[in-house]
Amino acid sequence: MRAPNLTVQSKPVILGGPPIPGAKARAPWPVHGAPERKALLGVLRSGKWWRGGTRKEMESSVTGAFEKAYARWHGTRHGMCVTNGTAALELALRAGGVEAGDEVIVPSLSFVVSATAAPLVGGVPVFADADPETYQMSADSIEALITRRTRAIVLVHYAGYPADLDRITKLARKHRLLLVEDCAHAQGSQWRGKGVGGWGDAGCFSFQMSKALAAGEGGIVLSNSDVLAEKIYSYHHLGRIESQGFYDFHRLAWNLRMTEWQGAILGEQLKRAKIQTLEKMRNAARLTRRLEEIGGLRALKADARITRRGYYFYVLRYDAHAFAGLPRKDFLAALHAEGLPVGSGYGRAIQHNPVFAEMRGRGGKSVLAGAHTPVADRLCAEEQLTIGHTCLLSRPLVDAFADAVERIKAHAPELAARAREQAKPAAKKKKSA
Ligand SMILES: Cc1ncc(COP(=O)(O)O)c(C=O)c1O
């Protein structure tokens, strides 16, 4: 039995209660020190600030060493570092053969890039709905959207929670679709003991500042296919081909090379990430247990096939009924008053972003014509709560979160009445306008 917790018995801050000390206990991020300084100075002194021109030079670079180590961590044969995660997705689709007018099934619940990568290479995005228990792209929804024009699936492991790779890899094989995993959120995640990113044809990661492995900017494409890896190399390097002359360009392509500065930082950050991933899993499990006891907030469904979970968001499902009908926005306001860093994800299903409003596919048809994603819309509007992965590095913060939820729940009827009262003038104003 836990000792009686006085903080929990008091009122929430929003009702005049005392602050919970742990609510301000942020873990430093990004974590860095002497190893990163040494690695960066090593690059500075070497005078070799780019990763080199020929394939051999590239492989023997600092970035090349990181690339190999990262591919090993995820259990794939090939890795190619690039400028960022957006470029990684675009590159994987281009190298995988997506052409103008091809339909690409994309998520509705993710960061916008999971869906814009396809039209960036001329493809037509087709939006799949989310599974209400896992928040991942639903295999049923994907299957229903496959037509003879479908060429690829961009499968995001949203928040770091692996999507159903059993069913979705089978679907991709059956319909001969290119499967690109968007693993920007899923550093270190494993499905059945094998890293995400190696289940489909290519796995794309981001090392942007907010990610669990950060270099400011950066990305990598992993693959187990020798043929695809060769194309990825070529398309990231201005269309060069390994066996041909350095000034022979064979494909219309960008320069997407990563610098040695990023490779140096990432080599050290990877060592930390391996330890941090386990620490985050332990604290997430602790928070999940506490929240199960309290009730009203549920973590994403547990799945024994997820053998390691990298976190971008720790996602919670909010049940307003368990909080006397308190709307999610007022629950969030109460948590914010406690000083807790919690959000509601990206705010809306991807296709509701203005970029898609005028976007058209074959025959001038709007890409929104068949976009029907009631689950993703509901999760975005009412249910989803997100806590950033760095919070999972602070046990006091995790405990403070659970304490705050417990006392907010104890005072939910008062908070709900207050929220109704506050909503009245707004409703009146609307009527008279
Ligand atoms: C799911 C997802 N995919 C792709 C990206 C793109 O990564 P980058 O910012 O490195 O371009 C992000 C970035 O935040 C992301 O969250």
Side-chain angles (χ1 to χ4, degrees), residues 29-30 63 66-67 70 74 79-94 104-121 123 125 127-128 130 134-137 152-163 168 179-189 196-197 200 202-222 236 254-259 261-263 265-266 269 273 300 309-315 343-351 353 355 376 379-380 384 386-390:
W29 188 263
T63 303
F66 161 73
E67 212 163 64
Y70 195 79
H74 274 263
M80 181 52 67
C81 279
V82 292
T83 46
N84 55 60
T86 305
L89 283 171
E90 195 181 326
L91 177 59
L93 291 171
R94 196 182 292 281
V104 180
I105 300 177
V106 299
S108 49
L109 189 68
S110 182
F111 185 58
V112 67
V113 168
S114 303
T116 48
L120 277 167
V121 300
F127 298 90
T134 66
Y135 280 30
Q136 305 309 311
M137 289 168 80
I153 302 169
V154 175
L155 178 67
V156 69
H157 302 299
Y158 180 67
Y161 182 111
I168 296 166
L179 180 59
V180 172
E181 294 174 68
D182 180 349
C183 309
H185 290 180
Q187 318 274 0
S189 290
V196 300
C204 302
F205 295 73
S206 162
F207 303 129
Q208 175 263 345
M209 198 59 223
S210 67
K211 302 301 187 295
L213 185 62
E217 300 283 4
I220 192 168
V221 187
L222 302 184
H236 111 290
W254 296 98
N255 164 12
L256 300 175
R257 294 184 303 263
M258 181 183 270
T259 69
W261 308 109
Q262 290 154 291
I265 282 277
L266 286 166
Q269 289 287 299
L300 298 179
R309 166 85 198 270
Y311 280 91
Y312 182 62
F313 294 137
Y314 175 88
V315 174
S344 52
Y346 297 117
R348 54 185 161 181
I350 293 186
Q351 69 271 18
N353 281 286
V355 60
L379 307 182
C380 290
Q384 176 177 216
T386 51
I387 302 174
H389 64 96
T390 63

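Both counts, for ligands and for their atoms, begin at 1 and track the order of listing. Position 1 is the first residue of the sequence, and the numbers go up from there. Quick caveat: nothing in here was measured; it's all calculated off a predicted structure.
- Within ligand 1, the atoms closer than 4.0 Å to a non-hydrogen atom of Lys211 are 12 (C), 13 (C), 14 (O), 16 (O), numbered from 1 in the order shown.
- A side-chain N or O of Tyr70 and one of Gln187 form a donor-acceptor pair less than 3.5 Å apart.
- Ser110 counts as a contact of ligand 1, since one of its heavy atoms falls under 4.0 Å from the ligand.
- Checking only distances, Gly85 does come within under 3.5 Å of ligand 1, N or O to N or O.
- Summarising the geometry of Thr63 relative to Met258, their closest heavy-atom pair is CG2-SD, 3.7 Å, with the distance given to 0.1 Å.
- At least one N/O-N/O distance between His185 and ligand 1 falls below 3.5 Å.
- For ligand 1, the atoms sitting less than 4.0 Å from at least one non-hydrogen atom of Gln208 are 9 (O), 10 (O), numbered in the order shown with element in parentheses.
- Under 4.0 angstrom from ligand 1, there are no non-hydrogen atoms of Phe205.
- Residues Ser210 and Tyr312 have side chains that bring a donor and an acceptor to within less than 3.5 angstrom of each other.
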TODO: For the pair Glu90 and Trp254, evaluate side chain to side chain contact (heavy atoms under 4.5 Å, CB included) and give the outcome as yes or no after the intermediate values.
DONE: CA-CA 11 Å; Glu90 195 181 326; Trp254 296 98; 3.9 Å; yes
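- Close approach to Asn84 involves these atoms of ligand 1, each under 4.0 Å from a residue heavy atom: 10 (O), 11 (O).
- Taking the six-membered ring for Trp and thresholds of 30 and 60 degrees, His389 and Trp29 have ring planes more than 60 degrees apart, a perpendicular arrangement.
- Checked by distance only, ligand 1 and Thr86 come closer than 3.5 Å through their nitrogen or oxygen atoms.
- Residue contacts with ligand 1 for Ala87 are absent, since no atom lies close enough (heavy atoms, distance under 4.0 Å).
- Distance from atom 12 (C) of ligand 1 to its nearest protein heavy atom, with residue and atom name: Phe111 CD2, 3.5 Å.
- A donor-acceptor pair under 3.5 Å is absent between the side-chain atoms of Gln262 and the main chain of Ala215, judged by distance alone.
- When side chains are defined from C-beta on, Ile168 does not count as touching Gln136, because their heavy atoms never get closer than 4.5 Å.
- Two residues are said to be in side-chain contact when any heavy atoms from C-beta on lie closer than 4.5 Å; Phe66 and Leu213 meet this criterion.
- Under the 4.0 angstrom criterion for non-hydrogen atoms, Tyr346 is in contact with ligand 1.
- Here the protein heavy atom with the shortest distance to atom 3 (N) of ligand 1 is Asp182 OD2, 2.8 Å.
- The protein atom (non-hydrogen) at minimum distance from atom 2 (C) of ligand 1 is Ala184 CB, 3.3 Å.
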